[in-house]
Amino acid sequence: MNPAARRHCLPLSALLLSPLAVGAAPLPTALPAVQVQAARVPGVDPFALPASLDTVWIDADRTGPNAQLSEALGGVPGLLARDRQNFAQDTQLSIRGFGARSTFGVRGVRVLIDGVPATMPDGQGQLSHASLLGAERIEVLRGPFSALYGNSSGGVLQVWSAQGQAGDPWRLRVNVGADNTLSVGAQLRGAGKGIDYNVAANHFSTDGWRDHSRARRESLNARLGTELAGGRLELLLNALHAPNAQDPLGLTRAQVAADPRQATAVAHQYNTRKSVRQQQAGLRWTREAGAQRWQLMGYAGQRAVSQYLPIPPSAQRNSELHAGGVIDLDGGYGGLDARWGWNGDLWGRPLDLVMGVNADRQRQHRTGYENFIGSTVGVRGRLRRDQIDIVQNVDQFAQAWWQWSPRWSLLAGVRHSTVRFESDDRYIVGRNPDDSGRRRYQATTPVAGVSFEARPQWRLHAAVGRGFETPTFNELGYRADGEAGLALDLAAARSRSLEVGSKWHAQDGRQLDVSLFRADTDDELAVASNTNGRSTYRNIGRTRRQGVELQYRQPLAEQLELQLAWTWLQAQVRSPYLACAASNCAVPDTVVAAGSRLPGVPRQQAYARLQWSPGDWQWALEAAASSDVVVNDIATERAPGYALLNLEAGRSWRLQAGELRAFARIDNALDQRYIGSVIVNDGNGRFFEPGPDRRASVGLQWSWR
């Protein structure tokens, strides 16, 4: 199987991506050309563990700009990764419906990059500093075992870069496409004189498909390793600079019909935009001695964000409690993680244990300014908010795997999390009172699963677990009753998850995975009001997410392969509540009945890829489809479903000095009009972010050793 044909591998990496991982030794699987980081459980195939986990391999034959992770995630069932055509906002990411309500960043899904959290202790995360150029694989964990990551783990996504090996190729890559899109990158990977390295730098720029959507990003990612004190020490570095990414905002249905490429008028008027600068470093030391394993990891970083919003001056002048139309965030974050593992026997049967502790902390200086000076808008005016926000967590965890019979095994774990919020208000002016406050949340999240070997190539599993999700600082920022102070009365959402599944991996490469799942949540967090650019949140009661995931791979010939993925997901309200029916609503006035759909979640998703790789050529036909999506709580608006067709072609030339590869891609080859993403419960009725029409890109890649 060539590397391109295994871009989307089925669940073959066990729970290494979990903070409660049970090992780290590479183990060959039934696919002879693939090696994965599997659980250290002697004699057990990785796919036999009771979890839904997909590994997406990022190989050198990828087409496209490599600008966003969503480019690589189309074939993962249960996962929704929407390209917003808006680099001022992050990719929309949800797993089994968790995280779908997020209007910016990543919410309800835990994100890690080379083991370093990209999700802060309050549950707010981002993907912008992840690099496809330096990545080896992306691992996606769904279902009950996600809860072992702690707060806001409705699912888990991890990006892993490759460890450099002697003889690895160095790469230069350039990709150009429509709308003056340019991506230029270099990757240096290898090993020598006791040090291995993987360094990737990338420049990306575009004028954007929509008006007022120009963006530029520079990123650097590095993984350096060496042997130290009988173990392995790794240095993980990351830097991102994304200045003045223009935000075209969402559109109303009428605006989409008139011109889907337009930006909302206020986007031009206020020059809505966002700048991000981030630097971080991490150190990880691992050691194995006999039956024992140790790992110590620490990281620290700095992130600054400045964003200009289209909030009218009248709304800011008429409320002393308004925080203004310019958001400025600047602060540091960091954390420590320590764990110990042991493998041996219990009553003569294999047993593997791991336990540990981790702590994370973020300190953020949040300021707000008016976005006007006199009659000039879109500029930074006088101060309206000044506070120090601190959130930190301390977690303890333990996990055990035990094969109590030749065909049965048990995987069980528990995590206890304590999350503390503290806000120090430094803007106490006139009728604006002291909004300082603090809140602590605690939860214990147990999870357990069993796996049964029905036949050597067929595994059945079942798993149950509990999870929780605290409000983020953004959701605590304003009270729903309009009074001053933080919304410290918000409770953490609590969930109960169940999954049963079947995994069948034949020797000839055929694979079929099926999962049935249900997650019931109490105290679901949702928008309470959205007026004058200010959103408030509340707990709405009970919700349910249940569905089926299917994934199939079929080699049709030696160089021809078919991959299919399908998801059916029913995400519903289980307790009626009141919601806003009108734009800029301050007081909920309309009943959302039990059985209503949760917004932002399509009922069905489907994906198909047919790839043919004769000799030095590669051809691929890719199709992606989604059913309609409700965009607000009361379901008065929805984005219609769509189906897209994409085409790929590539050709390689092996030369004496290296390998040259040319590639091309056509997205939306049938030139369909569709809504690429939605802004859930937008207060101005601008719910829709249209997807682009037919787009083409071409590229060259030069690799040498």
Side-chain angles (χ1 to χ4, degrees), residues 88-89 102-105 107 120 122 124 247 249 266-267 269-276 303-331 362-374 376-391 421-439 471-490 525 527-538 584-586 679 681-684:
Q89 307 294 344
S102 180
T103 57
F104 64 93
R107 195 66 191 84
M120 294 297 101
D122 67 344
Q124 186 73 50
D247 188 348
L249 305 176
V266 292
Q269 181 184 0
Y270 290 87
N271 189 17
T272 49
R273 60 199 186 275
K274 181 179 178 181
S275 296
V276 178
R303 183 176 175 89
V305 179
S306 179
Q307 185 170 13
Y308 288 73
L309 304 173
I311 300 173
S314 58
Q316 301 169 63
R317 291 192 182 105
N318 295 335
S319 174
E320 292 193 28
L321 302 181
H322 206 289
V326 179
I327 299 172
D328 194 48
L329 308 174
D330 190 1
Q362 180 187 29
R363 183 185 187 275
Q364 188 169 255
H365 187 196
R366 178 187 296 263
T367 52
Y369 301 86
E370 294 176 346
N371 60 357
F372 63 94
I373 300 176
T376 303
V377 298
V379 297
R380 180 175 298 197
R382 68 185 180 97
L383 183 70
R384 297 297 298 267
R385 189 172 194 169
D386 186 0
Q387 65 192 58
I388 301 294
D389 293 335
I390 297 173
V391 58
F421 292 81
E422 181 178 348
S423 184
D424 179 16
D425 189 1
R426 299 182 175 184
Y427 183 75
I428 306 170
V429 178
R431 292 190 302 159
N432 192 341
D434 186 349
D435 294 335
S436 301
R438 62 184 61 194
R439 177 72 191 268
T472 67
F473 254 122
N474 291 310
E475 292 164 337
L476 292 171
Y478 298 101
R479 290 173 49 169
D481 59 11
E483 297 297 323
L486 301 178
L488 299 178
D489 59 333
L490 287 177
L525 290 158
V527 172
S529 66
N530 199 330
T531 179
N532 292 323
R534 185 170 70 179
S535 296
T536 65
Y537 295 83
R538 59 179 171 157
N584 279 323
C585 164
I679 304 172
N681 286 321
D682 182 81
N684 296 291

- Item | Arg273 to Tyr308 six-membered ring, cation-pi geometry met (6.0 Å, 45°) | yes
- How close do Phe421 and Thr472 get, heavy atom to heavy atom, and via which atoms? CE2-C, 4.3 Å
- Note on the structure: Correct closest heavy-atom pair for Ile428 and Pro433 would be CG2-C, 4.1 Å
- Note on the structure: One should read off an interatomic distance between Arg303 CZ and Met120 CE, to the nearest 0.5 angstrom, of 8.0 Å
- State whether the side chain of Tyr537 and the backbone N or O of Pro471 hold a donor-acceptor pair below 3.5 Å, judged by distance alone. no
- Task: Apply salt bridge (Lys or Arg N to Asp or Glu O under 4.0 Å) to Arg380 and list each qualifying residue two or more places apart in sequence or on a separate chain.
- Result: Asp328
- Message: Rounded at 0.5 Å granularity, tell me how far CG in Leu488 sits from CG in Asp435.
- Response: 9.5 Å
- OG1 (Thr367) and CZ (Arg384) are apart, to the nearest 0.5 Å, by 13.5 Å
- Note on the structure: Nearest heavy-atom approach of Gly324 to Ile311 is O-CD1, 3.7 Å
- Message: Pair Lys274, Asp247 - check side-chain contact (heavy atoms from CB on, under 4.5 Å), show working.
- Response: CA-CA 7 Å; Lys274 181 179 178 181; Asp247 188 348; over 6 Å; no
- Query: Are side-chain heavy atoms of Arg363 and Glu422 found at a separation under 4.5 Å?
  - Reply: no
- Heavy-atom closest contact (Leu383 atom, Tyr427 atom, distance): O-OH, 3.3 Å
- Item | Side-chain heavy-atom pair Phe473, Arg366 within 4.5 angstrom cut-off | yes
- Query: Of Arg317, Arg385, Arg382, which meets salt bridge (charged side-chain N to carboxylate O under 4.0 Å, His left out) against Glu370?
  - Reply: Arg382
- Do Gln269 side-chain atoms and Val377 backbone N/O form a donor-acceptor pair below 3.5 Å? no
- Roughly how far, to the nearest 0.5 Å, is CG of Leu309 from CD of Gln316? 9.0 Å
- Message: So, taking the atom named CD in Glu475 and the one named CZ in Arg107, what distance separates them when rounded to the nearest 0.5 Å?
- Response: 4.5 Å
- Item | Residue pair Pro312 / Phe372, side-chain heavy-atom distance below 4.5 Å | no
- Task: Decide whether Asp389 and Ser423 meet the rule of one side-chain donor and one side-chain acceptor closer than 3.5 Å.
- Result: yes
- Drop me the distance from Leu486's CG to Arg439's CZ, to the nearest 0.5 angstrom. 11.5 Å
- Query: When you measure from the side chain of Ser436 to the backbone N and O of Asp425, does any donor-acceptor pair fall under 3.5 Å?
  - Reply: yes
